[in-house]
Amino acid sequence: MQNHSDHSNGPKSPEIIVNGTPYGVPDDIVSYAEVMSLAYPEPPAPDTRFTVTFYNARKPKEGTLTAGGTVEVKKKGSVFNVKATIKS
């Protein structure tokens, strides 16, 4: 995975936005684990739970991404918002 767009002459990898930051991803199928690793490379606390919502994707177009799930993204502009909640 790359941060920001690849400027090479080869096929362009899809670019997604995670919590406001653009990232290049190797494939147009993006998993929950990939989004999580981009949003929180280090989980804030062991009991942290995450909610991942997305919009402007190819299939499905919008919704909530759960653990083990995948989303087909557009070449540019699919947006993911990841919120962490610490269980008390």
Side-chain angles (χ1 to χ4, degrees):
M1 286 177 249
Q2 302 170 348
N3 191 1
H4 301 288
S5 298
D6 181 9
H7 297 288
S8 67
N9 292 328
K12 215 171 179 184
S13 63
E15 181 182 273
I16 64 173
I17 310 295
V18 179
N19 289 350
T21 303
Y23 295 95
V25 291
D27 193 17
D28 59 353
I29 303 295
V30 177
S31 70
Y32 175 88
E34 286 178 284
V35 174
M36 292 303 302
S37 69
L38 294 171
Y40 291 97
E42 299 282 332
D47 293 339
T48 305
R49 293 177 182 244
F50 298 96
T51 302
V52 180
T53 58
F54 63 92
Y55 63 93
N56 202 30
R58 184 175 308 277
K59 189 176 178 181
K61 293 185 178 200
E62 62 183 29
T64 301
L65 184 61
T66 58
T70 59
V71 174
E72 184 177 349
V73 297
K74 294 182 176 180
K75 288 294 179 194
K76 192 167 188 165
S78 297
V79 178
F80 293 82
N81 292 308
V82 182
K83 286 187 177 182
T85 305
I86 297 175
K87 188 178 176 182
S88 57

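One-based numbering along the sequence shown. What you are looking at is a predicted structure, and each value in this text was computed from that prediction instead of being measured.
Counting only heavy atoms from C-beta outward, the side chains of Leu65 and Thr53 never approach each other to under 4.5 Å.
For the atom pair Phe80 CZ and Met36 CE, the distance stands at 12.5 Å (nearest 0.5 Å). Rounded to the nearest 0.5 Å, atoms OG (Ser37) and OH (Tyr32) are 11.0 Å apart. From Glu15, atom CD reaches atom NZ of Lys75 across 12.0 Å, with rounding to the nearest 0.5 Å. Distance NZ/Lys76 to CD1/Ile16: 13.5 Å, rounded to 0.5 Å.
Judged as a side-chain contact (heavy atoms from CB on, under 4.5 Å), and not counting sequence neighbours, the contacts of Thr70 are Ile29, Ser31. For Ala84, the side-chain contact (heavy atoms from CB on, under 4.5 Å) partners two or more places apart in sequence, or in a different chain, are Tyr40, Pro44, Thr48, Phe50. Residues meeting the side chain to side chain donor-acceptor pair (under 3.5 Å) test with Asn56, sequence neighbours left out: Lys74. Taking Val79 as the reference, Ile17, Tyr55, Asn81 meet the side-chain contact (heavy atoms from CB on, under 4.5 Å) condition, with sequence neighbours excluded.
Residue pairs meeting the side-chain hydrogen bond (donor to acceptor under 3.5 Å, both in side chains) criterion with at least one partner in residues 57-68, sequence neighbours excluded, are absent. Listed by first then second residue, pairs satisfying salt bridge (charged side-chain N to carboxylate O under 4.0 Å, His left out) with a partner in residues 16-33 number zero, not counting sequence neighbours.
Smallest separation of non-hydrogen atoms from Ser78 and Ala57: OG-CA, 3.4 Å.
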*Passes side chain to side chain contact (heavy atoms under 4.5 Å, CB included), Val18 versus Val82? Steps please.*
CA-CA 7 Å; Val18 179; Val82 182; 4.3 Å; yes
